[in-house]
Amino acid sequence: MKKLTKNSSEKELDNVKEGDNIQDDTGKQGEVSRIEILRRKREKQYYYKLKNDGTILVIKQCSL
């Protein structure tokens with residue numbers, strides 16, 4: 001089980017693959033079925049779609 005928080009490094013977030021079991025800091029957990037990464041202005045948004053419904057979102061601030 002990989003634990004993801006807003007303090008997780010970009011490397012940790014990039015290393016999550018489909019099929020991994022993840023958990024966020026609120027206790028939401030599940031198996032990753034799909035990953036979407038969006039770049040918006042100075043943010044990188046990681047959307048982890050869970051197999052049994054639900055999504056875990058982690059937003060990282062990017063440096064200039």
Checklist entry - CD of E10 to CG of N15: how many Å apart, nearest 0.5 Å? => result 11.5 Å
Checklist entry - Could you give the distance from CD1 (I22) to NZ (K17), rounded to the nearest 0.5 Å? => result 12.5 Å
Item to check | side chain to side chain contact (heavy atoms under 4.5 Å, CB included) against I59, all qualifying residues, sequence neighbours excluded | outcome: E43, Q45, L57, Q61
Next on the checklist: Run the side chain to side chain contact (heavy atoms under 4.5 Å, CB included) test against L13 and tell me which residues pass, sequence neighbours left out.
Outcome noted: L4, S8, Y46, Y48, V58, K60
Salt bridge (charged side-chain N to carboxylate O under 4.0 Å, His left out) partners of [X], counting only residues at least two apart:
| X | result |
| --- | --- |
| K49 | D53 |
| D25 | none |
| K2 | D20 |

Checklist entry - Would you say Q23 and K28 make side-chain contact, with heavy atoms under 4.5 Å? => result no
Checklist entry - When Ile, Leu, Val, Met, Phe, Trp and Tyr are grouped by side-chain heavy atoms lying under 4.5 Å apart, directly or through other members, which residues fall in the same group as M1? => result none
Next on the checklist: Restricting to side-chain hydrogen bond (donor to acceptor under 3.5 Å, both in side chains), what partner residues turn up for E12, sequence neighbours left out?
Outcome noted: S9
Next on the checklist: As a quick check of understanding, evaluate salt bridge (charged side-chain N to carboxylate O under 4.0 Å, His left out) for D14 and K44, giving each step before the final call.
Outcome noted: CA-CA 11 Å; D14 287 332; K44 197 170 181 183; 3.8 Å; yes
Next on the checklist: Using the rule given for side-chain contact (heavy atoms from CB on, under 4.5 Å), can you reason through L50 versus I56, listing the C-alpha separation, both sets of side-chain angles and the distance that settles it, and then say yes or no?
Outcome noted: CA-CA 7 Å; L50 303 179; I56 292 177; 4.1 Å; yes
